[in-house]
Amino acid sequence: MSALPNQLNDIIEHYGPHLAFSEGVRLATDAEPDKVVKTHCCFCGQQCGIQLKVKDNVVIGFEPRVDYPFNKGMLCPKGVKRYLQGAHPDRLITALRRDPASPGGFSSMPYDEAIARTAAEIERIQATYGNDAMGVLSGASLTTEKAYLMGKFARVALKTPFIDYNGRLCMVSAGAGNKKAFGVDRAANPWSDILGAEVVWISGSNVAECAPITTNYVWQARENGAKIIVVDPRITPIARTCDLFLPIKPGRDIALFNGILHLMIENDWLDHDFINNWTVGFDAAAEHVKEWTPRKTAEVTGITERAIRQAAEWWGKAKTSFLMHARGIEHHSHGVQNVLGAINIVLASGRIGRENCGYGTITGQGNGQGGREHGQKCDQLPGMRDISNPEHRAHIAGIWGIDEKEMPQAGVDAYEIFRKIDRGEIKGLLSICFNPKVSLPDNNFVARMLDKLEFYVAIDFFLNESAYHADIVLPGSLHEEDEGIVTQIEGRVIKINKAVDPPGDAKQDWRIIQDIARAMGRERGFTFNEPREILDELRVASKGGIADYYGITYEKIERQNGVFWPCYNEEHHGTPRLFEPGSWNPIAKGAGPFYFPDGKARINVAPYTPPAEDVDEEYPIMLTTGRVISQFLSGTQTRRIGPLVEQYPEPRIEMHPRLAEKLGIENGDWATAESRRGVITLRAQVVTTIRPDTIFIPYHWAGAKSANQLTISAQDPISKIPEYKVCAVRVRRAAGAPDWANEQGELAGQTHRPNLVG
Ligand SMILES: Nc1nc2c(c(=O)[nH]1)N[C@H]1C(S)=C(S)[C@@H](COP(=O)(O)OP(=O)(O)OC[C@H]3O[C@@H](n4cnc5c(=O)[nH]c(N)nc54)[C@H](O)[C@@H]3O)O[C@H]1N2
Ligand SMILES: Nc1nc2c(c(=O)[nH]1)N[C@H]1C(S)=C(S)[C@@H](COP(=O)(O)OP(=O)(O)OC[C@H]3O[C@@H](n4cnc5c(=O)[nH]c(N)nc54)[C@H](O)[C@@H]3O)O[C@H]1N2
Ligand code: SF4
Ligand SMILES: [Mo]
């Protein structure tokens with residue numbers, strides 16, 4: 001039943017040039033599949049193994065995949081329903097051009113014409129304003145091959161320094177902190193090390209909703225006797241089953257880590273041998289945390305002194321432990337300092353680089369790890385190389401076949417690209433796998449900037465809210481329509497396998513990028529015939545770098561069920577646990593386990609600074625933002641999957657009963673939250689699981705329902721991550737229902753035509 005591509009030609013002929021989307025298709029989910037393809041989930045960084053059932057070139061369902069060791073057949077609700085995207089009526093199957101006369105604002109156009117127009121516009125902009133007038137925004141849901149290609153495309157084909165990616169909103173504080181402390185940016189351990197830890201410390205992660213399979217590791221550890229410590233302004237589902245909950249005030253985590261280190265020192269809960277042999281900087285940090293007495297820590301963090309002492313004692317006395325954190329401590333204007341504070345208490349304990357002793361930052365996007373290693377970051381070249389390092393530049397220029405002098409220098413972060421549009425410095429934008437209009441802070445500004453562009457081309461499989469501002473939209477590929485590698489939460493490189501062909505005129509993303517290069521006459525270096533060829537170049541490019549993939553092949557991944565990088569050569573099996581005593585890496589060259597010339601880790605002084613925008617009389621309440629289990633990121637994908645929409649149909653403002661009472665708001669009432677940047681009216685969800693001085697809004701919706709109307713564009717000075725996790729707002733009971741409650745359509749942030757099948 002319902003072979004989507006077979007119907008496409010008929011549909012295209014029938015609807016003619018106004019066709020924007022594919023026709024709805026009912027999935028016969030109980031049909032006998034033609035084949036079952038082993039691959040991974042398209043959503044979060046855990047990359048659960050999954051098998052897709054395929055019939056007539058359509059994914060019609062899934063089966064558990066029990067042979068993959070990370071999730072052993074388990075999936076969360078998103079993984080279970082992901083297959084409903086492919087046959088969704090909104091799936092882009094032709095190129096689109098902006099057409100105000102068309103009811104949807106766009107009409108379809110032949111793919112080749114769209115490519116020619118894109119190439120001509122890029123050439124016009126670069127001829128008029130210079131190469132630097134083009135910007136590129138890329139994404140960490142792309143495979144590593146594509147991420148690599150995007151970095152190369154920007155620097156070699158477009159010759160612009162201005163490429164950055166949506167991991168800028170996600171993993172960069174973790175990455176910068178890890179590089180400062182360890183010299184390398186990857187989870188230090190396989191997750192199996194969680195199971196035998198005596199203490200599991202979780203800061204700023206809603207594990208059960210955002211890294212659902214990790215919950216299972218934490219619970220198994222608990223069954224093995226581990227004590228679980230959770231630090232969050234909200235009693236999240238994982239916090240409900242923990243042994244010690246620290247209800248921190250948003251934006252104060254560094255104070256807590258400094259307070260814990262203070263108590264570790266005071267009670268001599270330290271591993272002196274490890275500190276002396278394998279770290280640098282302890283004394284300065286010890287001096288700095290002297291002032292972070294339990295009393296001062298309690299005052300700043302809002303956590304009781306007793307709870308702080310208890311956490312320090314459990315952590316300090318443990319023989320084995322695992323500390324993990326996610327965006328709750330990283331999405332801050334001092335996100336890097338928070339991460340350094342977390343790493344300091346790990347290094348002081350000496351519990352890293354051994355079985356059951358570890359540390360990991362919880363990766364967000366599907367390829368949040370691989371997507372941040374091979375050059376789509378503004379200051380980076382493949383293999384986690386540095387674009388400002390002459391040797392690194394020469395190595396990569398050699399592989400790309402260009403003169404090193406031709407290679408652009410470092411660009412700017414994704415938000416700064418928008419400021420450059422504002423200043424008239426960037427005139428043209430190509431985005432792929434990024435929805436800045438929903439996901440960037442203070443997004444009314446972002447929307448205005450998208451309109452200010454002379455030319456904007458977006459590549460996606462759905463018309464996301466940013467692409468509504470585009471001149472040309474090119475129909476890219478869904479996860480199951482292409483193959484390639486991604487690197488998941490533990491640092492394990494795995495393989496995405498192709499299950500179906502892209503429908504209609506949709507193309508694999510890497511083909512689209514190469515088509516644009518060819519149309520500009522800049523195809524040199526962009527003539528790959530398959531992802532495997534891109535990987536082969538990437539392997540050589542990464543060789544000798546920190547993220548060394550040289551020994552990783554599709555075959556080895558298949559054979560070993562994944563390969564942990566670094567993997568130096570064909571014989572090497574990869575490196576599941578980093579920093580083991582006696583281990584070798586290309587920076588220390590045997591001097592020690594950490595990625596610095598002396599082989600030692602860095603303990604950094606991590607000073608506390610308050611959030612960029614603290615509360616005051618005018619805006620007395622803290623707003624923090626994040627996720628719910630059934631929705632994913634900007635919601636482009638999950639707001640189109642009916643069963644997920646039903647699970648949590650619209651954003652709500654979470655508030656404590658005491659705050660609600662003070663404001664005269666009851667559960668389910670319309671409430672208005674207002675910051676210095678924007679205002680939003682949503683229903684109140686009155687819950688006892690949040691601090692009374694803080695409200696929480698999930699951010700997966702667009703338009704009038706978008707939390708990012710309120711958030712602040714303050715950024716961490718080192719990582720440039722936006723401060724999504726705290727800004728100041730005021731809240732009141734709304735006079736009535738907001739306009740959006742009566743409107744339909746994407747611009748109101750509604751999900752249109754959710755696919756209710758399945
Ligand atoms: N269901 C679902 N899963 C996802 C995603 C999704 O969109 N939906 N996205 C994926 C991606 S890209 C990412 S980055 C991850 C994110 O995964 P998480 O970081 O776990 O998710 P968030 O909801 O952003 O924030 C985590 C927690 O931080 C808390 N928090 C807020 N402010 C602070 C603070 O100042 N200090 C501390 N200690 N905690 C604070 C919030 O209350 C929240 O519970 O999830 C991944 N998985
Ligand atoms: N207020 C607030 N804002 C936040 C956050 C928060 O906690 N609070 N979290 C931030 C974080 S951690 C993140 S990661 C960002 C996410 O930021 P976004 O870039 O908005 O993330 P997505 O929703 O994944 O949008 C990516 C787009 O890529 C498309 N896409 C997915 N896979 C592919 C592919 O393989 N090929 C192509 N061509 N397109 C693809 C999707 O359809 C979607 O339209 O949001 C950030 N914004
Ligand atoms: S936990 Fe993440 S990877 Fe696993 S099924 Fe859910 S969304 Fe997919
Ligand atoms: Mo993320």
Side-chain angles (χ1 to χ4, degrees), residues 42-46 76-78 85 137 139-143 146 165-171 202-212 230-236 238-239 246 248-253 256 325-332 338 362-368 414 431-441 443 458-467 474-479 481-482 484 508-509 512 611 622-638 640 654 690-691 694 696-700 706-708 710-711 721-722 724-726:
C42 60
F43 293 126
C44 86
Q46 303 186 75
C76 86
K78 292 183 301 304
Q85 294 176 85
L137 293 175
S141 296
L142 296 174
T143 60
K146 295 179 195 182
Y165 80 129
N166 62 8
R168 182 67 56 194
L169 323 179
C170 187
M171 299 303 300
I202 302 168
S203 268
S205 178
N206 181 355
V207 174
E209 294 199 74
C210 300
V230 173
V231 189
D232 201 297
R234 301 186 305 142
I235 307 174
T236 56
I238 194 80
L246 308 180
I248 199 162
K249 237 176 167 175
R252 274 74 181 174
D253 291 83
L256 176 63
H325 57 77
R327 304 312 82 74
I329 73 162
E330 299 161 29
H331 275 160
H332 290 283
N338 285 346
I362 296 177
T363 301
Q365 294 149 293
N367 197 19
S431 76
I432 178 168
C433 193
F434 198 151
N435 192 5
K437 187 180 169 187
V438 176
S439 294
L440 282 173
N443 60 9
I459 306 172
D460 210 294
F461 42 74
F462 288 131
L463 190 62
N464 73 28
E465 291 78 9
S466 306
L474 297 167
S477 47
L478 267 176
H479 201 253
E481 293 163 1
D482 205 354
Q508 285 143 346
D509 300 309
I512 298 176
M622 285 177 280
L623 163 70
T624 192
T625 61
R627 298 157 163 77
V628 296
I629 189 163
S630 52
Q631 287 294 315
F632 191 66
L633 303 180
S634 70
T636 317
Q637 297 171 263
T638 42
R640 289 189 162 87
E654 262 183 35
I690 186 167
R691 290 179 59 91
T694 304
F696 171 84
I697 307 177
Y699 90 100
H700 313 284
S706 170
N708 276 325
L710 310 187
T711 49
I721 209 164
Y724 293 119
K725 289 295 188 267
V726 54

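All ligand and atom numbering here is 1-based and tracks the order in the structure. Computation of the quantities below employed the complete heavy-atom set of this structure, encompassing side-chain atoms and omitting hydrogens, waters and symmetry-equivalent molecules.
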Original post:
Between Thr638 and Gln631, does any side-chain donor sit less than 3.5 Å from a side-chain acceptor?
Top reply: yes

**OP:** Verify the distance criterion only: is there a donor paired with an acceptor across the side chains of Gln365 and Asn166 at less than 3.5 Å?
**Re:** yes

Closer than 4.0 angstrom: is that true for some heavy atom of [X] and an atom of ligand 2?
X: Ile432; result: yes
X: His479; result: no
X: Lys725; result: yes

Once rounded to the nearest 0.5 Å, what's the spacing between atom [atom1] of [X] and atom [atom2] of [Y]?
X: Ile235; Y: Ile690; atom1: CD1; atom2: CD1; answer: 10.0 Å
X: Arg627; Y: Thr236; atom1: CZ; atom2: OG1; answer: 14.0 Å
X: Arg327; Y: Ile362; atom1: CZ; atom2: CD1; answer: 7.5 Å
X: Leu169; Y: Leu440; atom1: CG; atom2: CG; answer: 5.0 Å
X: Asn464; Y: Ser634; atom1: CG; atom2: OG; answer: 6.0 Å
X: Asp253; Y: Ile248; atom1: CG; atom2: CD1; answer: 4.0 Å

For ligand 1, which is the ligand I care about here, please tell me if [X] has any N or O atom under 3.5 Å from one of the ligand's N or O atoms.
X: Cys210; value: yes
X: Val628; value: yes
X: Asn206; value: yes
X: Ser630; value: no

Below 3.5 Å, N or O to N or O, backbone or side chain included: is there any such pair between [X] and ligand 2?
X: Arg327; value: no
X: Ser439; value: yes
X: Gln637; value: no
X: Asn464; value: yes

Quick test: of every protein heavy atom, which one is nearest to [atom], and how far off is it to 0.1 Å?
atom: atom 38 (N) of ligand 1; result: Asp253 OD2, 2.9 Å
atom: atom 35 (O) of ligand 1; result: Gly251 N, 2.7 Å
atom: atom 7 (O) of ligand 1; result: Leu633 N, 2.7 Å
atom: atom 31 (C) of ligand 1; result: Thr624 OG1, 3.0 Å
atom: atom 33 (C) of ligand 1; result: Gly328 O, 3.2 Å
atom: atom 10 (C) of ligand 1; result: Gly364 O, 3.4 Å
atom: atom 28 (O) of ligand 2; result: Cys433 CA, 3.1 Å
atom: atom 36 (N) of ligand 2; result: Asp509 OD2, 2.9 Å
atom: atom 2 (C) of ligand 2; result: Tyr724 CD2, 3.2 Å
atom: atom 32 (N) of ligand 2; result: Phe461 CE2, 3.5 Å
atom: atom 44 (O) of ligand 1; result: Asp232 OD2, 2.8 Å
atom: atom 24 (O) of ligand 1; result: Arg627 NH1, 2.6 Å
atom: atom 8 (N) of ligand 2; result: Thr625 OG1, 2.9 Å

Original post:
Numbering the atoms of ligand 1 from 1, which are under 4.0 Å from a heavy atom of Ile629?
Top reply: 1 (N)

Atoms of ligand 2 less than 4.0 Å from [X] heavy atoms?
X: Gln365; value: 14 (S)
X: Thr636; value: 42 (O), 43 (C), 44 (O)
X: Asn166; value: 18 (P), 19 (O), 21 (O)
X: His331; value: 5 (C), 6 (C), 7 (O), 9 (N), 10 (C), 12 (S)
X: Ser634; value: 20 (O), 22 (P), 23 (O), 25 (O)
X: Ile459; value: 38 (N)
X: Cys170; value: 12 (S), 14 (S)
X: Leu142; value: 34 (C), 35 (O), 36 (N)

Looking at [X] and [Y], what are the two nearest heavy atoms and their distance?
X: Pro250; Y: Lys725; value: CB-O, 3.9 Å
X: Ile459; Y: Gly476; value: CG2-CA, 4.1 Å
X: Arg252; Y: Pro611; value: NH1-CG, 3.3 Å

**OP:** Take Glu654 and Ile697, measure what side chain to side chain contact (heavy atoms under 4.5 Å, CB included) needs, and give me the verdict at the end.
**Re:** CA-CA 6 Å; Glu654 262 183 35; Ile697 307 177; over 6 Å; no

Original post:
Has Arg640 got its NZ or CZ under 6.0 Å from the middle of the six-membered ring of Phe462, at an angle within 45 degrees of the ring axis?
Top reply: yes

Heavy-atom contact under 4.0 Å between [X] and ligand 1?
X: Glu330; value: no
X: Ile329; value: yes
X: Phe696; value: no
X: Met171; value: no
X: Gln46; value: no
X: Asn338; value: no

Mind checking whether [X] contacts ligand 2 via backbone (N, CA, C, O), side chain (CB onward), both or neither, at a 4.0 Å heavy-atom cut-off?
X: Ser477; answer: backbone
X: Tyr699; answer: side chain
X: Asn708; answer: side chain
X: Ala707; answer: neither

Original post:
Using 30° and 60° as the class limits, which term best fits the ring planes of Phe43 and Phe632: parallel, tilted or perpendicular?
Top reply: tilted

